[in-house]
Amino acid sequence: MKVSTVAEMRAMDRAAIEEYGIPELLLMENAGLAACQVIERRMEIAGHTFAIFCGVGNNGGDGLVVARQLHARGGRLHVFILGDPDRYQGAAAVNYQAARRLGLEVVRLEQADGAVPALATCDAVVDALLGTGLTRDVTGLYAAVIAHINASGKPVFSIDIPSGVNGDTGQVMGVAVQATATITFGLPKVGNLLYPGYGLGGELWVSHISFPPALYDRAELPIAIHTPLSLPPRPPDGHKGTFGQALFIAGAANYYGAPYYAAASFLRAGGGYARLAAPAPVVPHIAAVGNEIVFLPQAATDAGSLAYGNKEELLELCGRMDFVVMGPGLSLHEETQQLVRELALAIDRPLLLDGDGITAVAHGLADEGYRVAFRQAPAPRIFTPHLGEMARLTGLSTAQLLADRIQRLQHACADFNAIIVLKGAHSLVGYPDGRVFINTSGNSGMATAGSGDVLTGTIAAMTGLGLPVDEAVRQGVFVHGLAGDLAAQAMGEDGMTARDVLAHLPQAVRLCRQGLPPELQHRYNVVRRV
Ligand SMILES: NC(=O)C1=CN([C@@H]2O[C@H](COP(=O)(O)OP(=O)(O)OC[C@H]3O[C@@H](n4cnc5c(N)ncnc54)[C@H](O)[C@@H]3O)[C@@H](O)[C@H]2O)[C@H](O)CC1
Ligand SMILES: [K+]
């Protein structure tokens, strides 16, 4: 499903009204009615009491429709408006007048405490304070009312987005409503899907409010939720070369885990032939745990990291591979970092850079000349940074990144001509053409050492299984999260480690082929339709 920015949704609204002749009043009615239908699925309306909080924009207008629809179904209401109702315009003004004529009790709230008795006695709350028109931090009366709503312990239905959550970023602007369910309109907004906004929204519902598919399902909308891709069938007569030859340039003294997890995950996720180029002194340590990997011992620096002198042999080796991963556990030793920077320009195979590989290339990219050369690399480039590494890559602070994750990602992908996986809860996969996919598999138990190394091998394996590189990256992210979810099911999120994620990769790939069980389908389809 596509996901929209606030500006894109405004444009769709306008197009619905102007091009398709669907009056604003109908859109607002559809929105309020959809919200009412979601409430009806969760609880009996007749005889129950609802506290409805409306702002003075169109989000509040939607709230007034909800009020009228609940009233029509026998609900009892306390309707509060925060601000001057004379500010309602267009459809919202019409709905305000209709609510008044119906004789609904509509109170202009001047003091937050005025809402306390209604919150104490109601059965549920409707939050129609602020939608996509949020432009500044929430303070004063709005902030105080939101605090009362959150303290009420009542089920909260948020209209469009929990009030206080930024529709473009998912960030909380000062304070935000914690909802039980959110009903969003047209399409889910970015802020409905990115944390912390996603977590604040509760169960997420979308109504297309009678928009035609030509509006909400256009190819030009660049942001979407990732839907699992089907894997090409496994040729019965395949040999190990059929399922990809991957080279891992990884490891240094005292970094034995990262190269092992990266290369082993390639094999566990279905890849054919894993070769590991690691400094010679560390090879015996890794071989002791992973003898299914083929080792290519390399000359080492005094510090036990990859020596610069390996460059030509490594380049020659890469030329015989289908996919290269460079970075896990390489160390920050300067000679090795220089080697990595140069290899990152020259390797003529799809190349995934992670960990210390990202750090090396990030230093290079700060230089204009290197950036120009990197953009013109002879084959696709992929980065898999967590937020801190993304900060290093882009030269931005983590706060700046969080304040606008999607746009910063789009900009970096275009700037570096690279595919970037920005890891975290709901990882993002960005492409140089501006597309961004939001991944919904995975859990917080995967925030553990080595988990990122497992991701690198999983992505490599997806190319080995026959997906084109761009699809392999997002499917790898999904499969990795799925393996993590299976591990969490088996042992809980707290104590699981990268080893457990690795161990569940075969089952994850099998489920991708056979179809996900209903409970996982339900979990990954994070948006319900109404
Ligand atoms: N396709 C759709 O998505 C449809 C959406 N609808 C609803 O319309 C709102 C957006 O309406 P808009 O009037 O643009 O904005 P808001 O109602 O969110 O708020 C505007 C209002 O609030 C003031 N304001 C902004 N920030 C703050 C703040 N921090 N504190 C207090 N007040 C603030 C601002 O100045 C304005 O006065 C969308 O979310 C949907 O709910 C349509 O009804 C149907 C189509
Ligand atoms: K809202």
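Just follow the structure's listing: the first ligand is 1, and inside any ligand the first atom is 1. The first residue in the sequence is number 1, and the count goes up from there.
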If you measure every N/O of [X] against every N/O of ligand 1, is any gap under 3.5 Å?
| X | value |
| --- | --- |
| V56 | no |
| M28 | no |
| R10 | no |
| R136 | yes |

>> Once side-chain hydrogen bond (donor to acceptor under 3.5 Å, both in side chains) is applied, what residue pairs with a partner in residues 408-422 remain, sequence neighbours excluded?
In response: R375-D415

>> Yes or no: does R87 have any heavy atom under 4.0 Å from an atom of ligand 1?
In response: yes

Out of [options], indicate the one that has the non-hydrogen atom closest to [atom].
| atom | options | answer |
| --- | --- | --- |
| atom 33 (C) of ligand 1 | L134, T184, L130, D137 | L130 |
| atom 9 (C) of ligand 1 | N95, N59, D84 | N59 |
| atom 41 (O) of ligand 1 | I17, D62, D13 | D62 |
| atom 21 (C) of ligand 1 | G140, A91, G57 | G57 |

> With sequence neighbours excluded, what pairs up with R100 under the salt bridge (Lys or Arg N to Asp or Glu O under 4.0 Å) test?
Replying inline: none

>> How long is the straight-line distance from CG of L455 back to NE2 of H480, given to the nearest 0.5 Å?
In response: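 Spacing of NE2 (H480) from CG (L455) equals 5.0 Å.
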
Considering only heavy atoms of [X], which atoms of ligand 1 have at least one such atom less than 4.0 Å away?
| X | result |
| --- | --- |
| V138 | 29 (N) |
| F211 | 1 (N) |
| G131 | 16 (P), 18 (O), 39 (O) |

> Quick one: nearest non-hydrogen protein atom to atom 39 (O) of ligand 1, plus distance?
Replying inline: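 Looking only at protein heavy atoms, the one closest to atom 39 (O) of ligand 1 is D160 OD2, 2.5 Å.
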
>> Quick check against the 3.5 Å criterion: does D354 have a side-chain atom that pairs as donor or acceptor with the backbone of I382?
In response: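 Such a contact is absent between D354 side chain and I382 backbone.
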
>> Checking the side chain of K2 only, and the main-chain atoms of L221 only, is there a donor and an acceptor separated by less than 3.5 Å?
In response: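 Yes: the side chain of K2 pairs with the backbone of L221.
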
> Using a distance threshold of 3.4 Å, what protein N/O/S atoms lie below it relative to the K ion (ligand 2)?
Replying inline: N59 OD1, D127 O, L130 O, I159 O, I161 O, S163 OG

>> Does D127 form a side chain to side chain donor-acceptor pair (under 3.5 Å) with S163? I'd like the steps, not just the answer.
In response: CA-CA 7 Å; D127 154 37; S163 296; 2.4 Å; yes

> Are the ring centres of F50 and H78 closer than 6.0 Å?
Replying inline: no

> Ring centres of F53 and F80 under 6.0 Å apart?
Replying inline: yes

>> Assess whether a salt bridge exists between D123 and R76, defined as any Lys/Arg side-chain N lying under 4.0 Å from an Asp/Glu carboxylate O.
In response: no

> Hey, are E203 and R42 close enough for a salt bridge, meaning a charged N less than 4.0 Å from a carboxylate O?
Replying inline: yes

>> Within the structure provided, determine whether V454 and T458 are in side-chain contact (heavy-atom separation under 4.5 Å).
In response: yes

> Which is it for E29 and Q69 under the side chain to side chain donor-acceptor pair (under 3.5 Å) test, yes or no, and what are the steps along the way?
Replying inline: CA-CA 9 Å; E29 190 67 23; Q69 293 285 356; 2.7 Å; yes

Which part of [X] is near ligand 1, with near meaning a heavy atom under 4.0 Å away: side chain, backbone, both or neither?
| X | value |
| --- | --- |
| N58 | both |
| I209 | side chain |
| T135 | both |

> With D433, which residues qualify under side-chain hydrogen bond (donor to acceptor under 3.5 Å, both in side chains), at least two apart?
Replying inline: R435

